[in-house]
Amino acid sequence: MRRRVLIIGLDGAPASGLFARMDSEFPNLARLARRGTFGLLRSSDPPITVPAWACMFSGKDPGELGLYGFRHRYGPGYAQQQIVHSGLLPRGMLWDWVARRGQRTVLLGVPPTFPPPAIEGLVVSCLLTPKGASTFTHPRGLQARVADIAPDYQFDIANFRELEDEALLEQALSGLRARFRLARELCRREPWDLFIMTDIGSDRVQHGLWGVSEGSGWGQAVRSYYQEVDREIGEWLFELADDVCVWIVSDHGAQASRGGFYLNEWLRRYGWLRLRDDSVCAPVLPLAQVDWKRTVAWAEGGYVGRIYLNVRGRQPEGVVSQGDIERVREELREALRSSAGGGASRIPMQVYAPEELYREWRGYPPDLFVYADGLRLRVFGGVGAQSLLSDKNDTGRDRANHHPDGLYICYDPGAVAHGPGQVMPITEIRSYWEAQLAGQLPNLGA
Ligand SMILES: [Zn+2]
């Protein structure tokens, strides 16, 4: 026996906001949840789009994948970084498992699927697709159909931090409609056993419009986006065969942003990072200005901060001896916890080493991950700022940061309704999909 599984991914959809308003504002999601089960999906560390989706569909954590972020470090050199691409995914992704069973998958916008991998089925690549990319589908012949069905298809919302509020919402909504139009058309016309669509618009709208124009919580603009999501899902469900298992999932949650913390500036002020010229002021760390021979650690910014120790024999101009890594790391962690922000404005810092987060770790993980104030603060990589704290974002308007609590809603036509289900670790959800595709009825009860 085989059953079909449809997974609709809403990037960054937070459990708190969505479940609290489900009954009043999202009737189609509420109906699915009532007839099935729903709960928190605990994101990866770090809780960001890449690697979180990769964790969900591989069943591996970021350490096992060697994928720690959107920018991927491929060597120990200071500048050895590239944008993540699909070639970094391991064998044995959920769609590979499906193919081995002689089944077929459709992937639409699932990160990271650029370049589109040659799977058994169809792929329309993800938000990582560069502007003007010559190949964004597998097989290539699908491109003409995408252009035909959804000429206005958007891989991502370009410049979402620069758009005016109204323009951002409008562009996100038209992107959403195009994505669902394409998804429903492929869903209808193509044979599939597993169908995965993810929408990045929810994440972009939250970053741009969180709190607009209500001041607290999601805000009216974000809620109107999710209402449209709910309506699109409702129309899709209406035309689906009644044997399909339907999942709504998010890769991480979101929360209001309080601004950011200048981590490299903090490292510089406390002597861990040395610049050739202390008057340098730059929005990202100018690697050429770093006096590596006197630098113990440097960092990268983002929703999560990443600290790298400058280790002798590992980095080109390393100074920390291999035997000192652990001691230096603990000193740094202690200093960051006790003095970040300076004086009265101390910021709660959660600082993690890879072995505290992962079963194993491959590639080039940071030596420490920094979650500033439970991720309410973004971490800035720049140097030269007057204050270590800013209530603004460094890369343009950003009203939301990420949160570890994503969500899932599962409607399994063969199972009885469960109501609230267990908290789902992101690396475990795949086993439920495998069970359903194999014709079993997995138990999601709390
Ligand atoms: Zn995001």
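When a ligand or atom number is given, it counts from 1 through the structure's own listing order. Any value given below was found using the heavy atoms of this structure, including those in side chains, with hydrogens, waters and symmetry copies removed. We number each residue from 1, following the sequence as shown. Nothing here was measured: the structure is a model prediction, and the numbers come from that model.
Judged as a ring-ring contact (aromatic ring centres under 6.0 Å, His included), the pairs with a partner in residues 36-56 (not counting sequence neighbours) are, in order, Phe19-Phe38.
Applying salt bridge (Lys or Arg N to Asp or Glu O under 4.0 Å) to Asp152 and the options Arg179, Arg177, Arg181 leaves one that passes, Arg181.
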Show which side-chain atoms of residues 163-170 pair as donor or acceptor with protein atoms under 3.5 Å away, not counting sequence neighbours.
residue, atom, partner, partner atom, Å
Asp165, OD1, Arg397, NH1, 2.6
Asp165, OD1, Arg399, NH1, 3.3

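In terms of the side chain to side chain donor-acceptor pair (under 3.5 Å) criterion, Tyr408 has no residue partners (sequence neighbours excluded).
Between Leu29 and Ile409 there is a side-chain heavy-atom pair separated by less than 4.5 Å.
A donor-acceptor pair is defined here as one N or O able to donate and one able to accept, closer than 3.5 Å; no such pair exists between the side chain of Gln206 and the backbone of Asp203.
Counting only protein atoms, the N, O or S atoms lying less than 2.8 Å from the Zn ion (ligand 1) are Asp203 OD1, Asp203 OD2, His207 NE2, His402 NE2, ordered by chain and residue number.
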